[in-house]
Amino acid sequence: MNKSVKELIGISVAGAAAFGINKLCDRVIKRSVPSDKPEKPETREAYIERAEARRRNNDKLMGMNPENLSIKSVDGLDMRAWFVPAEKPSKKFVICVHGYRCNGPDEMSHFLPFYHYDLGFNYLLPDLTAHGRSEGEYIGFGSFDAKNILLWIDYLINRFGEDIQIVLHGISMGAATVMNCNEMSPPNQVKFIIEDCGFTSAKDVINKEAKNMVGFPVPHLMMLVSLCSKIKAGYFFSESDPLGNMDKAKNPVLFVHGEDDTFVPFEYGKKLYEACPTPKDYYWVPNTVHAFSYYNAPEGYEEKIRSFVDKYMDNEETE
């Protein structure tokens, strides 16, 4: 084989590898787009019931005529959110942050009755970049998402006053996002964090899913995919690292996780809890898979949240 043929083969192999890495990167971080192919019908009873519950909860949310908000993200994109004011004037706010390839209403509207009617909170439901009604092509895995949630916090403070109190509540990637916020020295108006089935780091969960796809670890391949993410979306997977930065946590944290979670393994939740240096508590929910804790055990979940409200928030309300 002469030199020119070898070079041609080498270039072809390199090109094919680059193409494959680019495709894999898009599969992980690119925004979902509607497909012409019919979706495979859901057969799991719990997921069918959850889909029905989401439709009911979203109808309730829209029936409350939420305010449609928009601000600019750290990179100039439109970020959208629904806002439901408390029934009575209140300085208490919750920002509920959804997970990967979901949106605010689908992921978090089932908490609205509890926060709105039972706790009397103002309720903000943002869509993260490249999700729901917000702009963007690439998903942040909690990296730039945390900076954008800090912008929503600033929005609330500027609009409603320096004396407001804020809870950050996230599920899955949203949980990683609010943990990252808590490790970025958020304003003093943020009083505590609720993280539900969050990952230890984007790198950990993406590597785990890649291993599940191919049947064996592919760390070097995922390093190249992470580099592709940096080029396309502006971040390495290692930049969303709630566990690695947990020593910087500022506020108390409630850790929630389903014990049967395999998408974001239960072990991740325990590691995060053990590493947290601030006041903390946990709620481990047996016989529960990813993002189902509130559906399966709402009473215990609400009791834990109430205990944090009582401990870490000023209960005096505006007259």
Side-chain angles (χ1 to χ4, degrees), residues 13-35 72-79 97-103 107 126-151 170-184 195 197-246 248 263-265 268 271-272 290-291:
V13 170
F19 177 80
I21 289 166
N22 182 65
K23 293 291 287 185
L24 183 55
C25 182
D26 281 352
R27 180 171 177 177
V28 173
I29 70 168
K30 196 168 185 178
R31 184 184 194 125
S32 297
V33 295
S35 174
K72 292 296 183 181
S73 70
V74 290
D75 49 358
L77 299 171
D78 280 338
M79 293 189 301
V97 187
H98 66 82
Y100 182 65
R101 298 198 185 280
C102 199
N103 60 71
E107 190 91 270
D127 287 337
L128 297 176
T129 297
H131 293 82
R133 300 177 304 126
S134 291
E135 291 184 341
E137 186 175 5
Y138 294 111
I139 296 168
F141 273 91
S143 56
F144 53 73
D145 300 310
K147 298 173 185 177
N148 288 333
I149 293 300
L150 290 174
L151 294 179
I171 289 180
S172 191
M173 190 181 81
T177 298
V178 299
M179 284 188 285
N180 287 337
C181 285
N182 199 33
E183 297 161 3
M184 294 177 174
E195 80 82 20
C197 62
F199 48 73
T200 48
S201 71
K203 180 180 175 182
D204 286 346
V205 75
I206 293 169
N207 283 346
K208 180 193 72 68
E209 283 302 295
K211 178 182 176 182
N212 290 342
M213 286 169 56
V214 302
F216 53 87
V218 285
H220 297 299
L221 173 61
M222 296 315 296
M223 287 175 60
L224 294 174
V225 176
S226 179
L227 175 60
C228 184
S229 171
K230 182 68 173 180
I231 294 168
K232 288 190 164 198
Y235 71 96
F236 291 111
F237 296 155
S238 59
E239 291 179 36
S240 180
D241 190 5
L243 180 61
N245 293 313
M246 187 61 77
K248 301 180 181 69
F263 183 68
V264 178
Y268 288 11
K271 286 181 179 180
L272 290 163
H290 188 65

Value for SG (C181) from CG (D145), rounded to nearest 0.5 Å, stands at 9.0 Å

All heavy atoms of M173 vs all of G142, minimum pair found to be CG-N, 4.0 Å

I want to check something: taking the side chain as every heavy atom from C-beta on, are N103 and R133 in contact at a cut-off of under 4.5 Å?
no

Return the orientation label for the F141 and F199 ring planes: parallel under 30°, perpendicular over 60°, tilted otherwise.
tilted

Where do V97 and I171 land on the side chain to side chain contact (heavy atoms under 4.5 Å, CB included) test, with the steps shown first?
CA-CA 6 Å; V97 187; I171 289 180; over 6 Å; no

Any donor-acceptor pair under 3.5 Å linking the side chain of N148 with the backbone of M79?
no

For a quick test of reading the model, state the closest non-hydrogen atom pair linking F144 to T129 and the distance between them.
CE1-CB, 3.7 Å

SB check E239 K230 (cutoff 4.0 Å):
yes

For S172 and H290, what are the C-alpha separation, side-chain angles and deciding distance, and is it a side chain to side chain contact (heavy atoms under 4.5 Å, CB included)?
CA-CA 8 Å; S172 191; H290 188 65; 2.8 Å; yes

Counting only N and O atoms by type, is there a donor-acceptor contact under 3.5 Å from the side chain of S240 to the main-chain atoms of S201?
no

Quick one: NZ on K23 to CD1 on I21, what's the gap to the nearest 0.5 Å?
14.0 Å

Do S229 and F237 come within less than 4.5 Å of each other through their side chains, counting heavy atoms only?
yes

For residues E209 and M222, determine if any side-chain heavy atom of one lies less than 4.5 Å from a side-chain heavy atom of the other.
no

Looking only at heavy atoms, the pair that brings L151 and S73 closest together is CD1-C, 3.8 Å

Non-hydrogen atoms of T200 and K271 that approach each other most closely:
CG2-CB, 4.3 Å

Does the side chain of S143 pick up a donor-acceptor pair with the side chain of N180 at under 3.5 Å?
no

dist L221:CG -> N207:CG (nearest 0.5 Å) comes out at 9.5 Å

Please determine whether a side-chain nitrogen of the Lys or Arg among D26 and K232 lies less than 4.0 Å from a carboxylate oxygen of the Asp or Glu.
yes

Indicate yes or no for a side-chain donor-acceptor contact from D241 to the backbone of G244 under 3.5 Å, with no hydrogens or angles considered.
yes

Around atom NZ of K72, are there more than 12 heavy atoms of other residues, nucleotides or ligands at under 6.0 Å?
yes

Might you point out which heavy atoms bring V264 and G198 nearest each other, and give the distance in Å?
CG1-O, 3.4 Å

Please test I139 against H131 for side chain to side chain contact (heavy atoms under 4.5 Å, CB included), starting from the C-alpha separation and ending with a verdict.
CA-CA 8 Å; I139 296 168; H131 293 82; 3.5 Å; yes

E135 side chain vs D78 backbone, donor-acceptor pair below 3.5 Å:
yes

Give me the atom names and distance for the closest heavy-atom approach of L24 to V225.
CD2-CG2, 3.7 Å

Any donor-acceptor N/O pair, E107 side chain to G99 backbone, under 3.5 Å:
yes

Distance-only, no hydrogens or angles: does the H98 side chain make a donor-acceptor pair with backbone N or O of L128 under 3.5 Å?
yes

Are M246 and M179 close enough that some pair of their side-chain heavy atoms sits under 4.5 Å apart?
yes

Rounded distance [0.5 Å steps], CD1 in I29 versus CD1 in I206
8.5 Å

Under 3.5 Å, side chain of R31 to main-chain N/O of G136, donor-acceptor pair present?
yes

Within this structure, what is the NZ-OH distance for the pair K208 and Y268, rounded to the nearest 0.5 Å?
6.0 Å

CE/M184 to NZ/K147 distance, rounded to the nearest 0.5 angstrom?
6.0 Å

